[in-house]
Amino acid sequence: MQRLLQLDSRDNVLIALTDLKQGETVEFNGSRYPLVSRIPAKHKFATRDLPAGSHVIMYGVLVGKTTQPVKQGEVLTLNNIQHEAGAFHEKSKEFIWNAPDVSRWNERKFFGYRR
């Protein structure tokens with residue numbers, strides 16, 4: 001069973017999918033992370049040392065800033081980070097989508113009930 005999740009390769013946090021114990025060393029994508037605090041399931045921890053004022057990146061975007069130094073393997077909480085967001089920008093280019101060829105289903109019939 002996978003125990004950790006990274007939402008974007010640019011993230012500097014990992015998400016625990018199960019409870020992780022303080023002192024345990026976990027591995028993700030070939031890197032090892034010694035945990036300096038208990039990480040409850042669904043909580044995040046730093047993948048590297050983050051000095052006070054460092055950006056916390058998740059989903060590949062800025063989601064917070066550290067309010068005090070956070071060590072690699074330390075849980076992120078409201079005590080050591082505060083919400084912060086990068087500037088919002090509208091789309092920078094037009095999105096072009098090419099519909100897939102669905103012609104092989106043109107003659108198919110639906111034998112259910114339309115609701």
Side-chain angles (χ1 to χ4, degrees):
M1 179 175 118
Q2 187 175 353
R3 299 175 68 202
L4 300 171
L5 175 66
Q6 184 178 43
L7 298 172
D8 188 280
S9 61
R10 296 170 286 185
D11 294 354
N12 59 5
V13 300
L14 288 174
I15 303 166
L17 299 177
T18 64
D19 291 339
L20 304 174
K21 297 176 185 167
Q22 181 178 0
E24 179 179 2
T25 298
V26 292
E27 189 172 327
F28 185 80
N29 281 352
S31 296
R32 296 172 61 87
Y33 303 98
L35 303 178
V36 297
S37 57
R38 185 179 77 80
I39 317 293
K42 302 179 188 174
H43 285 71
K44 290 85 179 155
F45 68 88
T47 58
R48 60 182 174 84
D49 288 344
L50 300 173
S54 295
H55 290 171
V56 176
I57 308 296
M58 195 165 66
Y59 310 102
V61 298
L62 175 66
V63 296
K65 225 178 214 183
T66 57
T67 57
Q68 61 191 43
V70 176
K71 295 181 180 183
Q72 178 188 43
E74 185 176 347
V75 68
L76 297 173
T77 69
L78 295 176
N79 295 326
N80 58 18
I81 64 169
Q82 67 182 16
H83 171 76
E84 180 133 348
F88 173 78
H89 359 254
E90 304 236 356
K91 63 183 178 182
S92 58
K93 62 181 180 178
E94 191 62 36
F95 179 75
I96 299 172
W97 179 70
N98 297 317
D101 179 16
V102 295
S103 59
R104 68 180 183 170
W105 292 289
N106 283 344
E107 300 302 315
R108 303 276 306 221
K109 303 291 184 210
F110 175 66
F111 294 112
Y113 294 97
R114 296 202 186 271
R115 297 177 191 229

**Q** Restricting to non-hydrogen atoms, name the atom on R10 and the atom on Y59 that form the minimum distance, rounded to 0.1 Å.
**A**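 Minimum heavy-atom contact is NH2-O, 4.4 Å.
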
**Q** Which heavy atom of M58 sits nearest a heavy atom of V63, and at what distance?
**A**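 Here M58 and V63 meet closest at O-CG1, 3.7 Å.
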
**Q** Do side-chain atoms of Q22 reach the backbone of V36 as a donor and acceptor pair under 3.5 angstrom?
**A**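 Yes: the side chain of Q22 pairs with the backbone of V36.
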
**Q** Closest approach of N12 and H55, non-hydrogen atoms and distance?
**A**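 N12 and H55 have their closest heavy atoms at ND2-O, 2.9 Å.
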
**Q** What's the separation between atom NZ in K71 and atom CZ in F45, rounded to the nearest 0.5 Å?
**A**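 Going from NZ on K71 over to CZ on F45, the span is 15.5 Å.
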
**Q** Can you get from L5 to V75 by hopping between Ile, Leu, Val, Met, Phe, Trp and Tyr side chains that sit under 4.5 Å apart?
**A**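 Looking at the clustering, V75 is in a separate group from L5.
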
**Q** Is there a donor-acceptor pair under 3.5 Å between the side chain of Q72 and the backbone N or O of T47?
**A**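 Checking the backbone N and O of T47 against the side chain of Q72, a donor-acceptor pair under 3.5 Å is found.
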
**Q** Using modelled atom types and a 3.5 Å cut-off, is there a donor and acceptor pairing between side-chain atoms of D19 and backbone atoms of A41?
**A**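 Side chain of D19 to backbone of A41: a pair is present.
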
**Q** Does a side-chain heavy-atom distance below 4.5 Å link L20 with L4?
**A**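 When only atoms from C-beta onward are counted, L4 and L20 do touch, with a gap below 4.5 Å.
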
**Q** To the nearest 0.5 angstrom, please state how far the CG atom of L76 sits from the CG atom of L14.
**A**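 That separation rounds to 10.0 Å.
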
**Q** Please check this pair: side chain of D49 against backbone of P69, looking for a donor-acceptor N/O pair closer than 3.5 Å.
**A**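 No, the answer is negative, given that no donor and acceptor are paired below the 3.5 Å cut-off.
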
**Q** For G53, does its backbone N or O pair with a side-chain atom of T66 as donor and acceptor, under 3.5 Å?
**A**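 Yes: the side chain of T66 pairs with the backbone of G53.
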
**Q** Between V13 and I57, is any pair of side-chain heavy atoms under 4.5 Å apart?
**A**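 Side-chain contact under 4.5 Å: no.
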
**Q** Quick one: CD on Q6 to CD1 on I15, what's the gap to the nearest 0.5 Å?
**A**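 Between atom CD of Q6 and atom CD1 of I15 there are 9.0 Å.
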
**Q** List the atom of E27, the atom of G30, and the distance in Å for their closest heavy-atom pair.
**A**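 So the minimum-distance heavy-atom pair works out to OE2-CA, 4.1 Å.
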
**Q** Which heavy atom in D11 sits nearest to a heavy atom in G60, and how many Å separate them?
**A**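 Answer, listing the atom of D11 first, then G60: OD1-N, 2.8 Å.
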
**Q** Would you compute the distance between atom OG1 of T77 and atom NZ of K44 and round it to the nearest 0.5 angstrom?
**A**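 T77 OG1 to K44 NZ: 12.0 Å, rounded to 0.5 Å.
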
**Q** Hydrophobic cluster membership, with links at side-chain heavy-atom distances under 4.5 Å among I/L/V/M/F/W/Y: are F28 and V70 in one?
**A**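 Unlinked, F28 and V70 end up in two clusters.
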
**Q** Does atom CZ of F110 have more than 12 heavy-atom neighbours, drawn from other residues, nucleotides or ligands, at distances under 6.0 Å?
**A**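 More than 12 heavy atoms, drawn from other residues, nucleotides or ligands, come within 6.0 Å of this atom.
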
**Q** Can you hop from L7 to L17 via hydrophobic side chains spaced under 4.5 Å?
**A**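 As far as the 4.5 Å side-chain criterion goes, L17 and L7 are connected within one cluster.
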
**Q** Measuring from Q68:CD to I81:CD1, what's the distance to the nearest 0.5 Å?
**A**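 Atom-to-atom, Q68:CD and I81:CD1 are 10.5 Å apart.
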
**Q** What heavy-atom pair brings A16 and P40 nearest, and what distance separates the two atoms?
**A**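 Between these two residues, the closest heavy atoms are CB-O, 3.8 Å.
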
**Q** About how many Å separate NZ of K42 and OG1 of T18, when rounded to the nearest 0.5 Å?
**A**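 The NZ atom of K42 is 12.0 Å from OG1 of T18, to the nearest 0.5 Å.
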
